[in-house]
Protein chains: 2
Amino acid sequence: MSLRTLSAHLGLSMAAISRVLSGSPAARSIPPATQERIFAAARELNYRPNLLARSLRRGQSTSVGVLIPDISEGYSAHVLAGIEETLSAAGYTLVMITHHYREEVLAKSERIFAERAVDAVILVGTNLHVYGTTPTVTVSCPDSHPGVTNIVLDHDRAAELALRHLYSLGHRNLAVIKGYKKSSDTERRWQSIERAAAMLGMTLPEERVVQLDDEQQTNEPGYRAMKKLMHQSREFSAVFAFNDVAAIGAIDAMRDAGLDVPEDVSVMGFDDVAFARVHRPSLTTVRQPLHRMGVLAANAVLEKLSQPGEKQTDEVEVVVEPELIVRATTRAATVCAAAEAA
Amino acid sequence: MSLRTLSAHLGLSMAAISRVLSGSPAARSIPPATQERIFAAARELNYRPNLLARSLRRGQSTSVGVLIPDISEGYSAHVLAGIEETLSAAGYTLVMITHHYREEVLAKSERIFAERAVDAVILVGTNLHVYGTTPTVTVSCPDSHPGVTNIVLDHDRAAELALRHLYSLGHRNLAVIKGYKKSSDTERRWQSIERAAAMLGMTLPEERVVQLDDEQQTNEPGYRAMKKLMHQSREFSAVFAFNDVAAIGAIDAMRDAGLDVPEDVSVMGFDDVAFARVHRPSLTTVRQPLHRMGVLAANAVLEKLSQPGEKQTDEVEVVVEPELIVRATTRAATVCAAAEAA
DNA sequence: TTGAAAGCGCTACCAA
DNA sequence: TTGGTAGCGCTTTCAA
């Protein structure tokens with residue numbers, strides 16, 4: 001079922017039919033009666049324009065490349081859902097690549113996006129690679145780049161919310177589980193935590209800081225990190241984990257070591273993924289509006305595509321606000337821990 | 001950077017270059033020296049073939065349509081990850097549509113897949129819609145269809161594993177939370193449960209059966225279902241939930257009603273999604289090899305595409321085996337419950 | 001061993 | 001108001 005067949009069937013030129021069916025402005029000069037006839041025939045013969053051909057001709061594919069670390073759980077999935085909803089409602093298709101932090105995939109992504117002629121690229125939780133002149137939007141990218149819109153959480157605010165909460169509960173000796181070194185938020189978040197700690201007069205000695213050794217979205221990296229932390233120090237009454245899964249892993253490790261959460265130690269997660277609320281004890285955490293960040297990224301792409309030619313060269317940051325979600329893993333520092341701090 | 005520019009640059013015909021770069025068999029008759037020259041130039045000038053043009057010409061797009069209920073958590077995400085890994089390793093791209101069980105989206109999906117000229121379609125957890133002659137693979141589709149390969153769990157075996165486990169712990173009075181009515185596994189699973197119950201001599205009176213009222217992947221539908229169940233009957237010592245999130249919702253509802261799991265009631269989940277292990281108490285559940293089901297679906301697609309012409313007309317079922325994962329939410333029936341059953 | 005040219009299905013320019 | 005036609009970038013047949 002191509003335009004040619006339809007044209008033969010209707011006795012009209014392919015040009016006329018194309019104009020009507022693709023909603024071209026030139027269709028205004030075609031009488032309503034003819035238009036109706038065309039629509040009817042298209043419906044009846046079940047005609048679907050071939051988007052490959054249209055894309056080739058128009059030089060745009062109505063598709064957007066999306067590069068994410070993973071889909072199977074948590075962070076990326078929430079963002080991706082927001083992106084998918086928004087872009088597919090606008091008629092776009094995603095060319096999705098998951099990289100699992102592997103260099104080869106990241107390198108190959110550029111080639112794939114170029115071959116598929118995507119109109120724009122969205123990078124989620126990934127350090128920026130080069131995509132030439134393709135309009136680019138990033139989510140949680142650590143650095144700014146000319147012409148790139150970056151959707152980021154206000155990490156300073158997030159760290160402040162978390163630490164103020166712990167401080168107000170009497171916690172002075174904080175331990176931190178930093179993110180996996182390749183995760184895009186790791187450095188930025190850490191700097192914000194240092195700043196907030198300094199502001200509140202909380203110290204963060206080296207032995208109370210550990211780092212996730214894997215990006216794996218299970219509790220294991222958090223479990224290992226906590227083991228290591230407890231080996232280095234016992235002088236903490238609260239732990240701030242890089243994300244919710246790590247927090248849960250940490251809780252498991254402490255339980256196995258005979259420590260109760262929140263009785264002995266308070267734990268703070270990050271992200272507020274779906275199971276944070278469902279976990280027992282339910283997780284106190286800092287919510288990132290992940291779904292909305294996906295929507296914002298998609299909208300930024302759509303905006304860029306709606307005004308072609310206007311090559312922006314300055315970097316734009318869209319900052320979203322975190323939210324403190326207080327649940328069951330944080331409570332007032334025990335007398336003992338408070339005494340230590342004094 | 002098109003073939004034409006490359007051709008001009010090399011002083012060779014587009015035909016020759018195309019043959020070499022696309023790995024056509026006809027390239028064998030081109031001397032290695034020339035081939036090397038072509039590869040070098042392509043690399044140097046950063047040439048990427050336009051896949052839109054190639055697809056148009058070849059009549060195949062190296063893309064596969066994937067229709068899933070949702071991406072943000074659990075079931076679909078695990079399957080999707082398996083599909084994505086396998087197909088992207090084979091050079092395919094996904095055209096992904098999430099339908100959230102909405103009829104309009106399901107209807108529109110056919111049009112989108114046709115327009116994007118996907119080579120095949122994979123439907124996950126979705127009742128089959130019509131995709132004409134496009135090679136189709138389904139995951140957990142309730143019915144069989146001519147020419148369609150269906151990847152399914154052995155539900156009879158799954159129900160038997162679960163019920164035998166509960167039976168062996170002394171449970172006789174079982175309650176069941178059926179799946180959301182639109183979920184593709186609901187009916188099939190329910191029939192298997194009835195069969196297994198009959199086999200073991202366990203009864204399933206109406207008042208001990210409830211149904212999820214939403215497909216939402218949170219604990220709320222399970223919470224509501226359990227509330228309703230407790231309103232209808234208290235004569236059960238074990239609950240078999242349709243999936244893990246529902247099981248967790250049910251546990252919450254029982255806790256709020258003063259019942260302890262597993263002390264008073266045993267709970268059995270389904271799927272073994274990531275947080276089932278992490279939840280406290282950790283969930284006894286029937287594991288579906290979701291990731292592998294995704295891989296199998298993708299492989300079935302690749303196989304179909306590798307042997308064109310061979311139109312299969314008989315339905316093929318690929319049956320995968322469930323696995324009983326015993327954790328902390330099931331234990332021996334209390335004396336009281338056992339006495340009631342006697 | 002290499003090249004010329006047709007044509008995949010569509011859109012957009014120019015002409016009528 | 002409508003139609004003819006060139007051409008998007010590629011592959012592949014046929015000819016040399």
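FYI, side chains are in, hydrogens and waters are out, and symmetry mates aren't considered; it's all heavy atoms of this structure. Throughout, protein chains are lettered first and strands after them, A, B, ... in sequence-line order, and every chain is numbered starting at 1.
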Hey, does the side chain of [X] reach the backbone of [Y] with a donor-acceptor pair shorter than 3.5 angstrom?
X: A/S140; Y: A/G125; answer: no
X: A/T136; Y: A/T134; answer: yes
X: B/N150; Y: B/S144; answer: no

Can you tell me how far [atom2] of [N] sits from [atom1] of [X], to the nearest Å?
X: B/L52; N: D/dG7; atom1: CG; atom2: P; result: 20 Å
X: B/I30; N: D/dT11; atom1: CD1; atom2: C1'; result: 13 Å
X: A/I38; N: D/dG3; atom1: CD1; atom2: C1'; result: 12 Å
X: B/R58; N: D/dG9; atom1: CZ; atom2: C1'; result: 13 Å
X: B/I17; N: C/dA4; atom1: CD1; atom2: C1'; result: 14 Å
X: B/R28; N: C/dT2; atom1: CZ; atom2: P; result: 15 Å
X: A/M1; N: C/dC8; atom1: CE; atom2: P; result: 14 Å
X: A/Q60; N: C/dT11; atom1: CD; atom2: P; result: 11 Å

field: Least distance between heavy atoms, B/L153 atom then B/V319 atom
entry: C-CG1, 4.4 Å
Identify which nucleotide among [options] has an atom closest to any side-chain atom of [X], counting heavy atoms from C-beta outward.
X: A/R57; options: C/dG3, D/dG9, C/dT11; value: C/dT11
X: A/M14; options: D/dG3, D/dC10, C/dC10; value: C/dC10
X: A/S22; options: D/dT12, C/dC10, C/dT11; value: C/dT11
X: B/A15; options: C/dC10, D/dC10, C/dA5; value: C/dA5

Describe the nucleic acid contact of [X] in one word from base, sugar-phosphate, nothing, applying a heavy-atom distance below 4.0 Å.
X: B/L3; result: base
X: B/L56; result: base
X: A/S29; result: base
X: A/S2; result: sugar-phosphate
X: B/L12; result: sugar-phosphate

Check whether any side-chain nitrogen or oxygen of [X] sits under 4.0 Å from OP1 or OP2 of [N], and answer yes or no.
X: A/S13; N: D/dG3; value: yes
X: A/T34; N: D/dT2; value: yes
X: A/R4; N: C/dC8; value: yes

- prompt: Does any N or O donor sit under 3.5 Å from an N or O acceptor when you compare the side chain of B/R19 with the base of C/dG3?
  reply: yes
- prompt: For the side chain of A/R48 and the base of C/dG9, is some donor closer than 3.5 Å to an acceptor across the two?
  reply: no
message: Quick check on side chain to side chain contact (heavy atoms under 4.5 Å, CB included): which of B/L12, B/I17, B/V20 does B/T34 satisfy it with?
response: B/L12
task: Could you tell me whether B/K108 and B/E104 have a side-chain N and a carboxylate O separated by less than 4.0 Å?
output: no
- prompt: Relative to the 5' end of DNA chain C, which residue comes earlier, B/A16 or B/A53, by the nucleotide with the nearest heavy atom?
  reply: B/A16
